Amino acid sequence: MARIADEKVLVLDFGSQYAQLIARRVRQQQVYCEIVRHDLAAERIRALAPLGIILSGGPASVYERGAPKCDPAIFRLGLPVLGICYGMQLACEVLGGRVQSAPAREYGRAHCRIIEANELLAGIPAETEVWMSHGDQVSEVSEDFLPLAATDTCPVAAVKHRQLPVYGLQFHPEVTHTPQGSQILANFLTDVCRCAGTWKLGDFARETVEDIRCRVGERRVICGLSGGVDSSVTAALLAEAIGTQLSCILVDNGLLRKGEAESVIQEFTDHFHTDLHVVRAEDKFLSALTGVIDPQEKRRRIGHAFIECFSAEAAGIKGARFLAQGTLYPDVIESGGARDGPAATIKLHHNVGGLPEDLAFELIEPLRDLFKDEVRTLGLRLGLPEDIVWRHPFPGPGLAVRCVGEVTRERLDILREADAIVVAEVKRAGLYRQTSQVFAVLLPVQSVGVMGDARTYADVVAVRSIDSEDFMTADWSHLPYDVLARISTRIINEVKGVNRVVYDISSKPPATIEWE
Ligand code: XMP
C-alpha cells in the first residue's frame, strides 16, 4: 500500500523566516511537505521523489558572494519549481534573468496587476493585494521567461519559464496579507504539480498507531506528561496504539497553573485509563528553590529536581523499554535533526523540562513530522478536551520563572490565583485563541495603596499577553481596556496581598516573553 506521505512537496530553505509557514500552507492543502537544505543535491531530490519543489525566500542577495545557491541541476529534473522572493530571484538568475537591487526596498502591501493568468494565477482577480518583503528584484528576464504579474515598483512580480515548469513569485503567497496566496499555492500544487491532496491527519494517525504497535510489540512505553498540548497528544496517541502498555508520569512540582495537574490526571485516568504515576514533589522543588532568586539558578535546580523525580519513578516501572516524547517538526528542523533538513538555527535553548539523552530508553517521537496546528487537530480527533488542546505554552520551570524573586508557597499561591483570573477573563472575552500566551507575573515589589480607610503595602502583579507566530518574536497584545479593567479589578479584589496590577507593553525582542 502506498504511504500517504508518498505524495510530497519539498521546500528548499534559503534561511527564510517563512520556510515553516510555507510548509504549513502546503499541508493545509492536504499535500505533505518537508523542509530540506537549500543545497540538497539534485540526485537526492530525485530519490526523494517529490511532486514539486518550492524555493523559499531568504535574507541574502543572489549576486552577493557566498549567497546560498541550490544545485542548478534541480531545474532540469522535470519537476515543477516555484521560487518565492529570493527563490524566484535565484531561479531567474540561474536560468538567465537579471537580478538587481530594487530602487526602494519594498516592504508591506502592494497592488498587483495580473498580466497573464496562466495555470499559476488562474482564478485570481486581475488586480489583487500582495505582501512584499524584498530589497532585490528581478529587473530583466530573458526571452525564456514570461512575466505574469507586476506592481508599480516591481515589473516582474510573477514569472513563468516558457519551456520548463519553473515559476516565480516576488511576493509572499504564504502570509495572510496576500489574500489570494492560498489560491495561488493551491494552483501550483494541483494544476502544476498534479497533487491529488492525499495528506490527511486521520491517515497519519492510523499509520503512526500501526508503526508504534509494530515497534513496541509487547513491551512498555513511558511518557512524561507536563500538562501541555504536545505531551498530552503524544500520550493520547500512544494510549490509542498500545493501551495498557503505556505508563505516564506526571511530576507535580508545585509550579503548575491552577487546576492543571487535576485536569491532566482526570483526563488520563478517567478518559484514557492509562497507568498514570503522579509524583507529588512540591516540597522537594520548593526546598530546592529556597533562597534562590537568580533565574538561571532556578532553572538549573528545577531541571535537576525534575530529572531526579522522573528517573526514580521510571526506574520503578518494570519492563519499560521506550520513552515517548512530544518533539514537534519545528523542533526537529531548528535543531538540525532532520536527515535532509537545514543546519541548526541558532536559537536560545530552554533546556529545562527536558531529560538527559543517556536515559536507558529508546525514544519514540510520534509527532516529529507535525506542526503545532496539526498536533492540536490530532489531539481533538483523539478525544482530548479543547481546554488541553488549546492551552497556551507554559515553560518547563513553570510559575517559578514568573515569581520574580524568591519562590515560596505563599507567593506561588498568590500568583496562581492572579494567573487564573487573567486566563479566565481573556477566555470570557473570547480572546484566548487569538492571543498566543497570556499570564500573570508576581513582582518582588510592594507598593502603597489604600483599601477602605486603611493604607496597604502589598504586592504588584504584572499581566503579560503576547501575540506571536513562532515565539521567537512577539508583540504585546492590544487587549481591550475593558478586559484589562476587569482583570485588574478582580485581581485586586479577590487575591489577598495584591493592591496593584500593571500591564506589560514590551515586545520581543528586546524583551523576552517570560520575565525570567
Ligand atoms: P522567552 O521567554 O524566551 O520564551 O521569550 C519563548 C517561549 O518559550 C517558553 N519557555 C520555555 N519553555 N522550558 C520550556 O519548555 C523553559 O525553560 C522555557 N522558558 C521559556 C516561553 O513560555 C515562551 O513560550
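Note that the structure is a prediction, hence the values are computed from the model and not measured. Counting starts at 1 for both ligands and their atoms, in listed order. Residue indices begin at 1 and follow the sequence shown.
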Next on the checklist: I'd like to check whether F471 has a polar contact with ligand 1, where a contact means an N/O of the residue lying under 3.5 Å from an N/O of the ligand.
Outcome noted: no

Next on the checklist: Just checking F471: does its CZ atom have more than 12 heavy atoms from other residues, nucleotides or ligands closer to it than 6.0 angstrom?
Outcome noted: yes

Checklist entry - Got an N/O contact under 3.5 Å between I513 and ligand 1? => result yes

Item to check | Atoms of ligand 1, numbered as shown, that sit under 4.0 Å from any heavy atom of K508 | outcome: 1 (P), 3 (O), 5 (O), 6 (C)

Next on the checklist: Is the ring pair Y86/F14 parallel, tilted or perpendicular, if the boundaries are 30 and 60 degrees?
Outcome noted: tilted

Item to check | Contacting atoms of ligand 1, where contact means under 4.0 angstrom from a heavy atom of P397 | outcome: 13 (N), 16 (C), 17 (O)

Checklist entry - Is the count of non-hydrogen atoms from other residues, nucleotides or ligands lying under 6.0 Å from K372 atom NZ greater than 12? => result yes

Next on the checklist: Between Y432 and W390, is the ring centroid distance below 6.0 Å?
Outcome noted: no

Checklist entry - Should K258 and E417 count as an ion pair when the cut-off is N to O under 4.0 Å? => result yes

Checklist entry - Given R464, E516, R299, which has its nearest heavy atom closest to atom 17 (O) of ligand 1? => result R299

